[in-house]
Number of protein chains: 2
Amino acid sequence: MARIPVEERREALIDAAFRVIGEQGLSRASTRAIVAEAGMSLASFHYAFESRDQLLELLITEVLASEQRAILPADLKGKSLTELLTEGLQGYLDHLRADPGREQAMLELTQYALRSALPLAEGQYAQYTRFALESLELAARQTDSEWTVPTPVVARLLVALTDGFTISWLIDRDDAHARASVEAAATAIASLATSKRRSQQ
Amino acid sequence: MARIPVEERREALIDAAFRVIGEQGLSRASTRAIVAEAGMSLASFHYAFESRDQLLELLITEVLASEQRAILPADLKGKSLTELLTEGLQGYLDHLRADPGREQAMLELTQYALRSALPLAEGQYAQYTRFALESLELAARQTDSEWTVPTPVVARLLVALTDGFTISWLIDRDDAHARASVEAAATAIASLATSKRRSQQ
DNA sequence: GTCTATACACCGATAGAC
DNA sequence: GTCTATCGGTGTATAGAC
C-alpha cells in the first residue's frame, strides 16, 4: 500500500473510529472494525497508536472539543429572548436529527470517559458550559435583558437541557413533541431574565 | 452446591448484574463477572438464562420499571409550586448522590437498549413521562395553579431535565452548582403555570 | 441440577517477512 | 512502513462427569 504520513493515518483512524461508534456503538468499535472502516490493515493501527485506549483518549479530546454546540441562531436582530432561545435549541435539534449517531456517540464517549476515570469529560463539559454562558450573555445584551439568576447557573441548566432533550429524542424520535418541549423550555428559561425594554412586561 | 429454584437464581443473577454494572460499567459486566458477584458457577448462568442478552433484556424491563423517580416531596401542604418542584428535584439529586452507580447504570442500559434496537427504552421513558405528568398535575392541583402549556409537554421537559442534571452531576459532582441549577430550573418551570390564588402574582 | 473442563470466536497487540 | 500470520487473553456458550 501507499506510504502515508503517520499524522494523516492517525487522523483517518480517528475519523473512522468516530464513524464506527456513531453507526454501531462504542462496544462494537474494535480495532479491527476501525481499520476496516479506514481501509487499512490491523498492523497500521498499532503503528499509528500505542493502544486502542490512546485512540479513544485522543478521539474524546479532539472530537468533543470540536463540538461547538451552536446555541444561538445566526441572525440575532429584532428577536426576543424567548425567540433566540427557541431558535437556538431548535437548531440543535435539527443538528441532532441530521446525524443522530454523532450525538449518540458523544454520549457513549462521555460515559466511557467517566468509567475510565479520564478527566476528559469534566474539561469538555466545562467548555460546553462556558460556551453556553457566553451565548446567554450575548442573548441578554442583544435583547436588553438581564438574568435574575447567576449566568453560570443558567448555563448549566441549558447544557443539562440539551443533553436531556438529546436522550429523549434519541429514544422516541418524536419531532413534534420535541419541538413543543423546546418551546416550553425556551419560555421557561427566558422567565429567568427581566427585560429593560418598555415594550415587554 | 445447594439446589436453588430457577426463579430465585434468575433474580439473584439480575441483582448481581445490576450491582456489577453500577460499580464497573456495562462493558465489564461479563457473564463471568456476574456469576462471581452472585457466588455461582458459570454454568449456572446458562442454566437460568438463554444468553447474556436475555438477562440484560430482563434487567432493563424489571429494574428500570421499578425505578419510580420520585419527583414530588412527601409533604405537599402549604408549599408553592416552585417549592414543590425544587424539593422534588432536590430529592432526586439526593437519591443520585446516595448511589451514583445506579443512575450511571440506568444511562448505560438505556443506550444499550437503543443500540440493540430493543423497544424497551421507549416504553420505559413513556412511563417516566407519564409519572412526571401525574406529579405535575398533582402539584398544580395542590397549589391552585394551572399549566399554561400542555402538561405532557412540561412532563417531557421535566424528564429531560432530570437526565441532563444526572449527566452534569456525574461529570463534575458539584453539589453546590447542581443545587443552584435545580432551583433555577424549578423557578423556570413554575413560570409555565399561572396561579389562581390572589396571594401570588 | 450443579459442577469442571473445554470449545470456539473475537479481542488487543506483536513478530517478522518484505 | 506496511503487510500477513500469530500470540495470549477473554468473551459467551456448551459438553459431560457427578
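Throughout, a chain's letter reflects where its sequence line sits, starting with A, and its residues are numbered from 1. Bear in mind that the values here come from a model prediction, so they are computed numbers and not experimental data. Both backbone and side-chain heavy atoms feed into the values below; hydrogens, waters and symmetry mates do not.
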Discussion item. Less than 3.5 Å apart, any donor N or O on the side chain of B:Tyr92 or B:Thr166 sitting next to an acceptor on the other?
Written reply: yes
Separation of [X] atom [atom1] from [N] atom [atom2], in whole Å?
X	N	atom1	atom2	value
B:Glu8	C:dT2	CD	C1'	15 Å
B:Arg3	C:dG1	CZ	P	3 Å
A:Phe45	D:dA5	CZ	C1'	19 Å
A:Arg32	C:dA13	CZ	P	11 Å
B:Tyr47	D:dG16	OH	P	19 Å
B:Arg28	D:dG9	CZ	P	19 Å
A:Ile34	C:dA13	CD1	C1'	14 Å
B:Leu42	D:dG16	CG	P	17 Å

Worksheet, complete the sentence: Against the side chain of A:Ser44, the closest entry in C:dC3, D:dA13, D:dC3 is D:dC3
Worksheet item: Quick one: which of C:dG1, C:dT14, D:dT14 gets closest to the side chain of B:His46?
Response: D:dT14
Worksheet item: More than 12 heavy atoms of other residues, nucleotides or ligands under 6.0 Å from CD of B:Gln142: is that the case?
Response: yes
Worksheet item: Are the side chain of B:Arg10 and the backbone N or O of B:Ala48 linked by a donor-acceptor pair below 3.5 Å?
Response: yes
Worksheet item: Taking C-beta and beyond as the side chain, do A:Leu81 and A:Ser195 meet within less than 4.5 Å on heavy atoms?
Response: no
Worksheet item: Pick the nucleotide of DNA chain C nearest each of B:Ala43 and A:Arg52; which residue has the one closer to the 5' end?
Response: B:Ala43
Worksheet item: Counting only side-chain N and O atoms of A:Ser30, is one of them less than 4.0 Å from OP1 or OP2 of C:dC11?
Response: yes
